[in-house]
Amino acid sequence: MASNGRVAGKVALITGGGKGLGEATAHLLAREGAKIAVSDLDTKAGKAVAAAINKAGGEAIFIQQDVTDETRWPKVIAQVKKKLGGLHVLVNSAGIAIFGSAEDTPLDDWRNVLSVNLDAVYLGTQHGIKAMKDGVGSIINISSAMGLVADANLAAYNASKGGVRLFSKSAALHCGQSGYKVRVNSVHPGYIWTPMVSGALATIGDVDEGRKTLDAKHPIGYVGEPNDVAYGILYLASDESKFVTGSELVIDGGYTAQ
Ligand code: NAD
């Protein structure tokens, strides 16, 4: 698809940019003119995404990062600014999912999910605000439909994603009240076919059967694809959404309309 330069001149840092939603977002924002810093725990995946963007004529770097490590955040942001000349967009997409009910989720799983999905979004948002508050910025936190409605077998995940939703609103209010031109929004995808979902299904049974079950949970009749979400993120990253902050963008094939 031809580029319209919707984020031309911007620099975007995308956590979890090596796979799934982060990968699709990195490619789309690059096609629309942004310089991209792909951050991921997985060096091989992240490097491959940055290389593919560069090969396609875009500009991208890879930075290895565990988003739960507080000490890495200022270093990563400093590297992005030095190598790409600024920071205008932060997409917090890194995340994990572990099945478990309120009754049987082990404390280790609970802490792991909350640490990656919520603590790290808080860290990224905090450091992102500090890095962008003297200019114009957009922070996009990937929550989930599971941050709006619950599943009996996703207790920790629901808690983390619900937390991302309200934390993002609090951050948006703070930026507005402080006079910062930094917008903060959350995105709420339904099930999207990514390594996270296929991998989770593989741990509990047949992947094809699991996909059919997930398809049927969406009124539109199927699970989404990564670009369905990436286009929403592109809008929030661009100046087209300059009046949008503290909002929750639901991209879920009707999942939460039921
Ligand atoms: P994915 O597993 O396909 O990709 C996630 C990426 O995050 C991976 O590359 C992984 O290496 C990276 N990552 C994991 N832990 C990390 C850490 N500690 N530090 C740095 N990187 C780390 O997952 P996805 O489906 O693309 O999910 C992306 C985001 O979207 C997640 O926050 C997820 O919860 C959310 N989400 C996904 C779906 C879905 O159905 N796929 C739906 C709603 C929300």
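Both ligands and their constituent atoms are indexed starting at 1 by order of listing.
- Looking only at protein heavy atoms, the nearest one to atom 2 (O) of ligand 1 is Met196 CB, 3.4 Å.
- Closest protein heavy atom to atom 17 (C) of ligand 1: Val67 CG2, 3.6 Å.
- The closest approach between Asp66 and ligand 1 falls below 4.0 Å for a heavy atom of the residue.
- Inclusion of Thr194 in the set of residues having an N or O under 3.5 Å from an N or O of ligand 1 is warranted.
- By the 3.5 Å distance cut-off applied to N or O atoms, Leu21 is counted among the residues near ligand 1.
- Rounding to the nearest 0.5 Å gives a distance of 9.0 Å between CD1 of Ile36 and OG1 of Thr25.
- Here's the thing with Ser144: none of its N/O atoms is less than 3.5 angstrom from an N/O atom of ligand 1.
- Put simply, CG on Leu234 and CG on Leu29 are 5.5 Å apart, with the number rounded to the nearest 0.5 Å.
- Taking a 4.0 Å cut-off on heavy atoms, Tyr157 registers as neighbouring ligand 1.
- For ligand 1, the atoms lying closer than 4.0 Å to a non-hydrogen atom of Lys161 are 31 (C), 32 (O), 33 (C), 34 (O), 35 (C).
- Shortest contact from atom 38 (C) of ligand 1 to any protein heavy atom: Gly190 O, 4.1 Å.
- The residue Pro226 has no part lying near ligand 1, judged by heavy-atom distances below 4.0 Å.
- Heavy-atom contacts of Val197 reach the following atoms of ligand 1: 39 (C), 40 (O), 41 (N) (cutoff under 4.0 Å).
- Protein heavy atom in closest approach to atom 7 (O) of ligand 1: Gly16 CA, 3.5 Å.
- The heavy atom nearest to atom 21 (N) of ligand 1, out of those in Thr25, Val49, Leu41, Ile14, is found in Leu41.
- Atoms NZ and CD1, on Lys83 and Ile61 in that order, are 5.5 Å from each other to the nearest 0.5 Å.
- How far CG of Asp252 is from CD1 of Ile192: 8.5 Å, rounded to the nearest 0.5 Å.
- Listed by number with element, the atoms of ligand 1 under 4.0 Å from a non-hydrogen atom of Pro195 are 3 (O).
- By heavy-atom distance, the residue among Gly224, Ala97, Ala94, Gly17 lying nearest atom 13 (N) of ligand 1 is Ala94.
- For the atom pair NZ of Lys169 and CZ of Arg165, the computed distance is 5.0 Å after rounding to the nearest 0.5 Å.
- Within a 6.0 Å sphere centred on OH of Tyr222, heavy atoms belonging to other residues, nucleotides or ligands number 12 at most.
- Set against the non-hydrogen atoms of Tyr191, the atoms of ligand 1 under 4.0 Å away are 40 (O).
- Close contacts between ligand 1 and Ile142 involve ligand atoms 29 (C), 30 (O), 32 (O), 35 (C) [criterion: under 4.0 Å to a heavy atom].
- A donor-acceptor contact shorter than 3.5 Å is absent between the side chain of Arg31 and the backbone of Ser3.
- How far NZ of Lys181 is from OG1 of Thr245: 13.0 Å, rounded to the nearest 0.5 Å.
- With a 6.0 Å radius and a threshold of 12 heavy atoms from other residues, nucleotides or ligands, Gln258 has its CD atom above the threshold.
- For Pro189, no nitrogen or oxygen atom sits less than 3.5 Å from a nitrogen or oxygen atom of ligand 1, counting backbone and side chain alike.
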Identify each donor-acceptor pair in which a side-chain atom of residues 62-71 lies under 3.5 Å from a protein atom, sequence neighbours left out, and give them as a table.
unit_1: Gln64; atom_1: NE2; unit_2: Leu41; atom_2: O; d: 2.9
unit_1: Gln65; atom_1: OE1; unit_2: Ser39; atom_2: OG; d: 2.7
unit_1: Asp66; atom_1: OD1; unit_2: Thr68; atom_2: N; d: 3.0
unit_1: Asp66; atom_1: OD1; unit_2: Thr68; atom_2: OG1; d: 2.8
unit_1: Asp66; atom_1: OD2; unit_2: Thr68; atom_2: OG1; d: 3.3
unit_1: Asp69; atom_1: OD1; unit_2: Thr71; atom_2: N; d: 3.0
unit_1: Asp69; atom_1: OD1; unit_2: Thr71; atom_2: OG1; d: 2.6

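- Residue Gln65 approaches ligand 1 through these ligand atoms, each under 4.0 Å from one of its heavy atoms: 19 (N), 20 (C).
- Using cut-offs of 30° and 60° on the angle between ring planes, the pair His127 and Trp73 is parallel.
- Checked by distance only, ligand 1 and Ile192 come closer than 3.5 Å through their nitrogen or oxygen atoms.
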TODO: Give the intermediate values and the outcome of side-chain contact (heavy atoms from CB on, under 4.5 Å) for residues Leu84 and Leu13.
DONE: CA-CA 10 Å; Leu84 297 179; Leu13 168 59; over 6 Å; no

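- Applying the 4.0 Å criterion to heavy atoms of Ser93 picks out, from ligand 1, the atoms 28 (C), 29 (C), 31 (C), 32 (O).
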Which side-chain N or O atoms in residues 209-217 pair as donor and acceptor under 3.5 Å with protein atoms at least two apart or in another chain?
unit_1: Thr213; atom_1: OG1; unit_2: Glu209; atom_2: O; d: 3.0
unit_1: Asp215; atom_1: OD1; unit_2: Val223; atom_2: N; d: 2.9

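- In terms of protein heavy atoms, atom 5 (C) of ligand 1 is closest to Gly95 O, 4.1 Å.
- Counting only distance, with no hydrogens or angles, the side chain of Asn185 and the backbone of Gly246 share a donor-acceptor pair below 3.5 Å.
- Atoms of ligand 1 lying under 4.0 Å from at least one heavy atom of Asp42, given by number and element, are 11 (O).
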Open item on the list: Under the criterion side-chain contact (heavy atoms from CB on, under 4.5 Å), I'd like the reasoning laid out for Tyr191 against Met146: C-alpha separation, chi angles, the key distance, then a yes or no.
Closed with: CA-CA 9 Å; Tyr191 284 95; Met146 291 298 137; 4.2 Å; yes

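- Atom 8 (C) of ligand 1 has its closest protein heavy atom at Asp40 OD2, 3.6 Å.
- Using a 4.0 Å cutoff on heavy atoms, Ser143 counts as a contact of ligand 1.
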